[in-house]
*Asks:* 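Before anything else, here's the structure in question.
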Amino acid sequence: MTAPRTLLKAWQLRPRKSMGQNFLTDSNVADAIVTAAALDRNDRVVEIGAGLGALTIPAAKAAGRVLAIEKDRRLAELLKTELAVWRIENVEILSRDVFACDLDSMAADRGDLLKVIGNLPYNISSQVVVKLIDQRRSIRSAVLMFQKELAQRLAAPPGSKRYGRLSVLLQYCATVETVCLVPANAFYPRPKVDSMVIKITFHQPAAQMVSDEKLLRRIVKAAFGRRRKTLRNSLAGGMSELDTHGAERLLIEAGIDPKRRAETLSVAEFVRLANCFNPDNALQIPEKK
Ligand code: SAH
């Protein structure tokens, strides 16, 4: 792989901070990501933020087909030329914003599940995780680079300080493993923080553990919105249907001590809460006055 600095210079380009451009310079890290994605010739890969192709090229060598999403048109153009130089023909470059891409339709035309990879811009990583959760029925796994703190939050177990809203929502539908820690000097330009690669494997077929997923999201948001408070108070404060009595009744019905805090609840306990929260059941949560 040509060094990012050299390649950019040849094209008279500079890294754009606004696009979160920190290019991988260490091919060992690129190889570690591709290895963790466990690609074979039958796989269709979606890469988010292909940049200069640090991951695109090794992925194309291992997979059947790579759909490389890159928002920056100049980079998409550069990458196209680079791939031709390397005689790589199984990559399709989509010069688009990832949030304008529908992964369901990318998977649907062949019926196989996608494998996602990417060294994500830090300013959109949380939104990307939410997007992947929303489209998880089309995704087998995702191996992604995150800012270290966010990666730790996604993988955090209950009871730890980093365990929060996204940990619950992701672990509800996926297994999360740490792949490797990546120091700031593996990138050009060098970011201020260290990074971490994690592998997300979505449960397939998606287990329908709660009947109303929107409700689960609202409960989790309310619980962690005031994470220092007891659940009785955080749920009463964050859910319009509940006052403290209703919140207490709901928690007891779900077998959870109302004095506990959000960060101590397992994913299974959040699921129980969502399933007990049903205006039709015996609970009869009172209307808030
Ligand atoms: N994968 C490359 C580039 C990483 S930098 C490498 O590892 O070297 C992140 C890349 O994401 C940049 O190329 C940036 O232009 C692109 N990007 C930023 N926002 C994007 C968006 N919303 N949709 C798609 N690509 C985006």
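For ligands, and for the atoms within them, numbers begin at 1 and follow the listed sequence.
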*Asks:* Got a salt bridge between Arg162 and Glu263, using NZ or NE/NH1/NH2 to carboxylate O under 4.0 Å?
*Replies:* no
*Asks:* List for me each residue that meets salt bridge (charged side-chain N to carboxylate O under 4.0 Å, His left out) alongside Arg74, sequence neighbours excluded, and say none if there are none.
*Replies:* Asp72
*Asks:* Treating Glu248 as the side-chain partner and Arg232 as the backbone partner, does any N or O pair qualify as donor plus acceptor under 3.5 Å?
*Replies:* no
*Asks:* Do Val45 and Arg65 come within less than 4.5 Å of each other through their side chains, counting heavy atoms only?
*Replies:* no
*Asks:* Please tabulate protein-ligand N/O pairs under 3.5 Å for ligand 1, atom names and distances to 0.1 Å.
*Replies:*
unit_1, atom_1, unit_2, atom_2, d
ligand 1, 1 (N), Gly49, O, 2.8
ligand 1, 7 (O), Asn119, ND2, 2.8
ligand 1, 8 (O), Leu24, N, 2.9
ligand 1, 13 (O), Glu70, OE1, 2.7
ligand 1, 13 (O), Glu70, OE2, 3.4
ligand 1, 15 (O), Gln21, NE2, 2.9
ligand 1, 15 (O), Glu70, OE2, 2.6
ligand 1, 22 (N), Asp97, OD1, 3.2
ligand 1, 23 (N), Val98, N, 2.9
ligand 1, 25 (N), Lys71, N, 3.3

*Asks:* List the residues meeting side chain to side chain contact (heavy atoms under 4.5 Å, CB included) with Lys148, not counting sequence neighbours, and say none if there are none.
*Replies:* Gln152, Leu181, Asp194, Met196
*Asks:* Which residue pairs pass the salt bridge (Lys or Arg N to Asp or Glu O under 4.0 Å) test with at least one member in residues 124-142, sequence neighbours excluded?
*Replies:* Asp134-Arg217, Arg136-Glu213
